[in-house]
Protein chains: 2
Amino acid sequence: MKPKISDVAKVAGVSPTTVSRVLNNRGYLSEKTKKLVYRAMEELDYVPNDLARSLYNQRSNLIGLIVPTTSNPFFGELAFHLENICDSKGFKVMICNSSNREDKEMKYWDMLSRNQVDGMIVVSYNRGVFNERKLSHPVVAIDHYLSEQIPVVGSDNYAGGKAATTLLLEKGCKEIIHLHGPTSLNTPANLRKKAYEDVMCKNGVRPITLEVNEILNKQNQQRVIEQLFNTYPNVEGIFASDDMLAASVIREARLRNIEIPNQLKVVGYDGTEALQTFLPQLTTVQQPIEQIAETAIMKLVEMIEEKDQSEVSYETRLPITIKMGETT
Amino acid sequence: MKPKISDVAKVAGVSPTTVSRVLNNRGYLSEKTKKLVYRAMEELDYVPNDLARSLYNQRSNLIGLIVPTTSNPFFGELAFHLENICDSKGFKVMICNSSNREDKEMKYWDMLSRNQVDGMIVVSYNRGVFNERKLSHPVVAIDHYLSEQIPVVGSDNYAGGKAATTLLLEKGCKEIIHLHGPTSLNTPANLRKKAYEDVMCKNGVRPITLEVNEILNKQNQQRVIEQLFNTYPNVEGIFASDDMLAASVIREARLRNIEIPNQLKVVGYDGTEALQTFLPQLTTVQQPIEQIAETAIMKLVEMIEEKDQSEVSYETRLPITIKMGETT
DNA sequence: CTGAAAGCGCTTACAG
DNA sequence: CTGAAAGCGCTTACAG
């Protein structure tokens, strides 16, 4: 059996109360008692039981994290930073990969509630699920509106879309097409499209946005990309709303012997570390992933700590940077 | 306050014992009582407290996962599969990114122990840390030996190294160099090198292995790669022990105007999804990541369930496949 | 078929 | 400076 506080107490010749106080460094303790207790803990290889502690304290120091999948470098990198920051603040992270499925998101949500998480960070494209659930604990969303009560943190999508489009125009592209994820979802990411369309119109060029309906669906992506090249054989610039789309565009262009950047210029969005090792030549709009993670946790902790949530701003947009590559 | 079992009991007009039994579907219950209890739970929005449950049951259904970082697509993808499989078996996952630092691994290990994990999956390049810790719960390692007591699951590294080297030879390369991670660590991954050297010797060619000392250190990698090209300007084939190295090799070759695959052929190792979207043209040895995850969890659960651990095989090597790209 | 009591391993207000 | 008692929210052996 694992030793418990009462075992330590017996060995140290004190009461469990005293051991607990030594453990938490609370109240007045004589040096002698402390040493006795430390020695006993050492001798028994005592490990405190955080479950029991959390139960009594009504505080788990646990953060639930729901992402589509850490297989995707963007979410993998986001999860890394979120966990790291949580750790530095004394929080533990329970991770959930929803594959962006509503049913899984719901199950994970309930599971996390049962596990008494102090708060949750959610990356979901399915607003509906969360909109209706009563919030028994604070939640912060990344780059997607989940409900009126759930603050959102993300990159400055409008600035990103604007920068990408402007760059393509400056490089002399006339026919510029935007490849975008599903817009039926009301998310801040739609501002990438909005910015693209605004800039295009302002420059007297017709904006053309093609939509990829399903996120995480490679075949669907591929179909849309092929259609793009078939319908617009003279396309000179493509602004893809994420780097994986951009990579697929580059691949298709190569198959069609379209030279990049001479005949076609491509700009992506995200700028993960993985991209920078695997496809460093891609010009892309880089999201400040670590800063997004920091801000999200900061908000969440504020909500957890102070029960007055009126002070937490609903939406935060963090500045992007353009990473110049060889595709523009 | 959140409702607890006794609140439900009051509303349903039964005892807490009965509510608990309904919750766990244990023992004889009259249909009428069940309905009463369900209705009460519904009415109160009752959510069971898994912390309390785990405390009593001496079983958390929690798995701790320590990886270097989910930013790296290989670990990100591995984490995804591990979590998914855990979830399907009713386990929750607490995730820890160690950045491959011994001090962090130790802290995380202790943290997970305090949280009463039923078991741990560890990916670590630092054998020492774990070798000395007494195992208070089952542990399974991925692709690295941590101690005599900790089973290892990974890809068949020898077969992978052999396949890669053989391919390069078949494609006509004479001077083939192997880029390898730190070999001071005694890990199964060293078999990639061993296989390379065996195949080279068997074919009467001199094996040359260059070592990257620090994992996750980009500058160090870059230095070694530049040195490779400077020292061996006529290199015809490079077998890199992971895809990120291979990608850096390709980048450097491009800077030096070395044509791939005409002048130089490159084979990587891992074959993650991210690679397949970002750099699909790379020929690589593909690890069966999902299968590795499955096997690891299977072993871990066996160890958790049956206390007789003699039946669990110490090492498992899962079959690799060569994914042909355009770099060979 | 159902309930009162004890206990999982902690912590804290209260008393001394 | 230290301890006995109660309680965090559950579950289960025991009794009825």
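Protein chains get the first letters and strands the later ones, always in sequence-line order, with residue 1 at the start of each.
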Rounded to whole Å, how long is the line connecting atom CG of N24(B) with atom P of dG9(D)?
17 Å
Does the distance from a Lys or Arg side-chain N to an Asp or Glu carboxylate O, for E302(A) and K299(A), drop under 4.0 Å?
no
Is the phosphate of dG9(D), meaning OP1 or OP2, less than 4.0 Å from a side-chain N or O of R53(B)?
no
Residues touching DNA chain C, which here means a heavy atom under 4.0 Å, drawn from residues 36-52 of chain A:
Y46(A), V47(A), P48(A), N49(A), A52(A)
Please test E43(A) against K10(A) for salt bridge (Lys or Arg N to Asp or Glu O under 4.0 Å), starting from the C-alpha separation and ending with a verdict.
CA-CA 12 Å; E43(A) 187 186 326; K10(A) 240 171 259 164; over 6 Å; no
Tell me the interatomic distance from R114(A), atom CZ, to dC10(D), atom P, rounded to whole angstroms.
12 Å
Which nucleotide, in any strand shown, forms a Watson-Crick or G-U wobble pair with dA13(C), with both distances under 3.5 Å?
none
Ignoring hydrogens and geometry beyond distance, is a side-chain donor-acceptor pair present between S124(A) and E105(A) at under 3.5 Å?
yes
Would you mind reading off the distance between D7(B) atom CG and dG9(D) atom C1', rounded to a whole angstrom?
10 Å
Figure out the CG/P separation between L55(B) and dT12(D), and round it to whole Å.
13 Å
Side-chain heavy-atom pair E83(A), L65(A) within 4.5 angstrom cut-off:
no
Distance in angstrom units between Q58(A) CD and dG7(D) C1', rounded:
10 Å
What I want to check is whether the side chains of T18(B) and S15(B) have a donor and an acceptor closer together than 3.5 Å.
yes
Specify the closest pair of heavy atoms between V117(B) and I63(B), including all atoms of both residues, with the distance to one decimal.
CG1-C, 4.3 Å
Give the rounded distance in Å between these two atoms: CD of Q116(A) and C1' of dC10(D).
11 Å
Check whether more than 12 heavy atoms from other residues, nucleotides or ligands sit under 6.0 Å from atom NZ of K2(A), and answer yes or no.
yes
Interatomic distance where CZ belongs to R59(B) and P belongs to dT12(D) [whole Å]
13 Å
Donor on one side chain, acceptor on other, R53(A) and N24(A), under 3.5 Å:
yes
Under the ring pair (Phe, Tyr, Trp, His ring centres under 6.0 Å) test, which residues partner H137(B), sequence neighbours left out?
W109(B)
Between CG of N57(B) and C1' of dT12(D) the distance, given in whole Å, is 10 Å
What N/O pairs connect the protein and nucleotides 2-6 of chain D at under 3.5 Å? Give each pair on its own line.
unit_1 : atom_1 : unit_2 : atom_2 : d
dT2(D) : OP1    : S30(A) : OG     : 3.3
dT2(D) : OP1    : T33(A) : OG1    : 2.4
dT2(D) : OP2    : S30(A) : N      : 3.3
dT2(D) : OP2    : T33(A) : OG1    : 3.2
dG3(D) : OP2    : S15(A) : N      : 3.0
dG3(D) : OP2    : S15(A) : OG     : 3.1
dG3(D) : OP2    : T18(A) : OG1    : 2.6
dG3(D) : N7     : R21(A) : NH2    : 2.9
dG3(D) : O6     : R21(A) : NH1    : 3.2
dA4(D) : N7     : T17(A) : OG1    : 3.3
dA4(D) : N6     : T17(A) : OG1    : 2.7

